[in-house]
Number of protein chains: 2
Amino acid sequence: MPKKSKDSYHHGDLRQALIDAAIVLLRERGINDLSLREVAKRAGVSHTAPYRHFNDKHALLCAIAAVGFKRLADAMQQCIAQDPQNPLKQLQASGLAYVRLAVQYPDITHLMFGGALGYENLPADLIEVSDAAFGGLLQIIDNGKQAGLYQDEDTMSLALVVWSSVHGLSMLISAGKLQDHVKNQDDVDCMAELVTRFLLSGIKSDKLGAPE
Amino acid sequence: MPKKSKDSYHHGDLRQALIDAAIVLLRERGINDLSLREVAKRAGVSHTAPYRHFNDKHALLCAIAAVGFKRLADAMQQCIAQDPQNPLKQLQASGLAYVRLAVQYPDITHLMFGGALGYENLPADLIEVSDAAFGGLLQIIDNGKQAGLYQDEDTMSLALVVWSSVHGLSMLISAGKLQDHVKNQDDVDCMAELVTRFLLSGIKSDKLGAPE
DNA sequence: ACCTGAACACCGTTCAAGT
DNA sequence: ACCTGAACACCGTTCAAGT
């Protein structure tokens, strides 16, 4: 029987195996001590094999960041699907999901938003999945806007303000800057609720009553 | 004439010269291509000389981050000093200053808040100057609270919400994630104003009128 | 005290060679 | 097509040695 096209040679999918090994290593050692040679060793191949699947170390790091953006984009869509008729709940759920992902995967989060990948020359597929994540948030805001939930400001401005607030909380927690005030999962959820609540009462149309 | 104590040997202050060279190199090459050996070469000393002043590369990076936090702390104090009787203006000015510093020094900002330094084992002087920066913001919030500017929420919660929003905007801009919407200094200022405005109308006491 | 050069283990990347 | 081992230039860090 002839071998299947993709199930060739070693694992069948060395590219994915390298990404998986790199994510584990990133969590174990941090971004500064992640070496391509060690990733290859973990995946069981020679230290030059990764170059068959990635142009260089930067490309592998970009692939990890893409995994993070994919998780974020999926979470946004799930928030919409869970309460299709309730844009307010969509917003609250998306803020919570954003912060939880950042806390769960701090290293990937910093890879996604820190300066480690540089500010340009990012691969097209990374840009694409990053735009998809922001697009989900835009959709949530637009849902609320059409329901008359927000002040008369354009959707993009509203989305940028919401994104900034939730993103800032996520980065501060995942960087350990709020260690004294946010110690466990309950504190994380509580802070996310607090930020979302203040944000809502700020951007919410004056014509509507209290959120509950 | 005998040499002055600190003006010894090469520069008089090799420690500072190394920090300065490292900051330049950081901006030129990015965090991933900053090498201790190149920093030493730029400062005109052998590649082992830095170890007289820093335990390791991590310690030098921490010193750079400390410079960034010092700038931030100073900016907060300046915002207070500029309008001692106007807590609202203090808040607006501090948000603007925060974002501007992040845009001006994106690499140092990511060093301060990204995961490159790890999440623990940070030197005491870095923690200290970092706390000073946040302390300035706390003071600004407390000033406004005593003036009846904000809702009846404890100062720490208010400060964390404000910090998150402004921090998020700063990180998104300095990471280039808003390139399509924030292209120049005017856009930066405009976005900072937008975030601060929404934030204020959210946390502002209902008993007061419009901010102007 | 402060700096140096040699040394060690490791890294990212290239390339001719193997199957 | 996919993988390998040798090679190159570079890195962080240590250490005995110089003034």
Side-chain angles (χ1 to χ4, degrees), chain A residues 1-26 28-65 111 116-118 121 123, chain B residues 1-26 28-65 111 116-118 121 123:
Chain A
M1 54 173 83
K3 280 190 281 190
K4 287 293 182 75
S5 62
K6 271 249 172 183
D7 293 304
S8 67
Y9 253 72
H10 256 112
H11 323 67
D13 194 352
L14 179 55
R15 185 189 146 87
Q16 191 58 49
L18 289 167
I19 293 176
D20 293 343
I23 288 177
V24 172
L25 205 54
L26 178 64
E28 282 181 20
R29 308 219 185 146
I31 179 70
N32 284 325
D33 295 312
L34 187 155
S35 86
L36 209 50
R37 291 170 100 110
E38 178 73 17
V39 168
K41 187 185 287 182
R42 293 277 182 105
V45 293
S46 81
H47 65 269
T48 58
Y51 288 91
R52 290 293 122 201
H53 300 275
F54 300 98
N55 275 329
D56 49 22
K57 186 181 180 182
H58 182 259
L60 175 58
L61 294 180
C62 285
I64 298 176
L111 203 52
L117 299 181
N121 296 329
Chain B
M1 58 172 82
K3 283 190 280 192
K4 286 295 181 71
S5 62
K6 271 253 172 180
D7 293 306
S8 65
Y9 255 72
H10 258 111
H11 322 65
D13 195 351
L14 179 55
R15 185 190 146 88
Q16 191 59 48
L18 289 167
I19 293 175
D20 293 342
I23 288 176
V24 172
L25 206 54
L26 178 63
E28 283 181 20
R29 308 219 184 146
I31 179 70
N32 284 325
D33 295 312
L34 187 155
S35 87
L36 209 49
R37 289 170 100 109
E38 178 72 17
V39 169
K41 186 184 290 183
R42 294 275 183 107
V45 294
S46 80
H47 65 270
T48 58
Y51 288 90
R52 290 293 122 200
H53 299 276
F54 300 98
N55 275 329
D56 49 22
K57 186 181 179 180
H58 181 259
L60 175 58
L61 294 179
C62 285
I64 297 176
L111 204 51
L117 299 180
N121 298 327

Grab the [atom1]-[atom2] distance between [X] and [N] for me, whole Å please.
| X | N | atom1 | atom2 | answer |
| --- | --- | --- | --- | --- |
| A:K41 | D:dG5 | NZ | C1' | 15 Å |
| A:R52 | D:dC2 | CZ | C1' | 7 Å |
| A:H47 | C:dT13 | NE2 | P | 11 Å |
| A:N55 | C:dG12 | CG | P | 15 Å |
| B:F54 | C:dC2 | CZ | P | 13 Å |
| A:D13 | D:dC2 | CG | P | 11 Å |
| A:L60 | C:dT13 | CG | P | 10 Å |

Heteroatom pairs (N/O) under 3.5 angstrom, protein to nucleotides 9-11 of chain C:
unit_1: C:dC11; atom_1: OP1; unit_2: A:S35; atom_2: OG; d: 3.0

Checklist entry - If only side-chain N and O atoms of B:H53 are considered, is one of them under 4.0 Å from the OP1 or OP2 phosphate oxygen of C:dC3? => result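 Checking B:H53 against C:dC3: at least one side-chain N or O falls below 4.0 Å of OP1 or OP2.
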
Checklist outcome for this item: The dot-bracket string of DNA chain D, counting Watson-Crick and G-U wobble pairs with both distances under 3.5 Å, using [ ] for crossing pairs and | for pairs to another strand, is ||.|||||...|||||.||

Checklist entry - Looking at C:dT14, D:dC3, D:dT13, which one has an atom nearest to any side-chain atom of A:Y51? => result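 Closest nucleotide to the A:Y51 side chain: C:dT14.
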
Checklist entry - In terms of side-chain heavy atoms of B:S46, which of C:dC3, D:dT4, C:dT13 is nearest? => result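 Nearest nucleotide to the side chain: C:dC3.
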
Exercise: identify the closest heavy-atom pair between [X] and [Y]:
| X | Y | value |
| --- | --- | --- |
| B:F54 | B:I19 | CZ-CG1, 3.8 Å |
| A:I31 | A:L111 | CD1-CD1, 3.7 Å |
| B:L18 | B:P50 | CD1-CA, 3.8 Å |
| A:A22 | A:I64 | CB-CD1, 3.6 Å |
| A:A40 | A:S46 | CB-O, 3.4 Å |

Checklist entry - Taking A:H58 for the side chain and A:L117 for the main chain, is one N or O donor matched with an acceptor at less than 3.5 Å? => result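 Yes, the answer is positive, given that a donor and an acceptor are paired below the 3.5 Å cut-off.
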
Checklist entry - Between B:L25 and B:R42, is any pair of side-chain heavy atoms under 4.5 Å apart? => result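 Yes, at least one pair of side-chain atoms sits under 4.5 Å.
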
Next on the checklist: When you compare the side chain of B:R52 with that of B:L14, does any pair of heavy atoms fall below 4.5 Å?
Outcome noted: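 No - every pair of side-chain heavy atoms lies 4.5 Å or more apart.
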
Checklist entry - Between CG of A:L60 and CG of A:N55, what distance do you get to the nearest 0.5 Å? => result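 The distance works out to 11.5 Å.
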
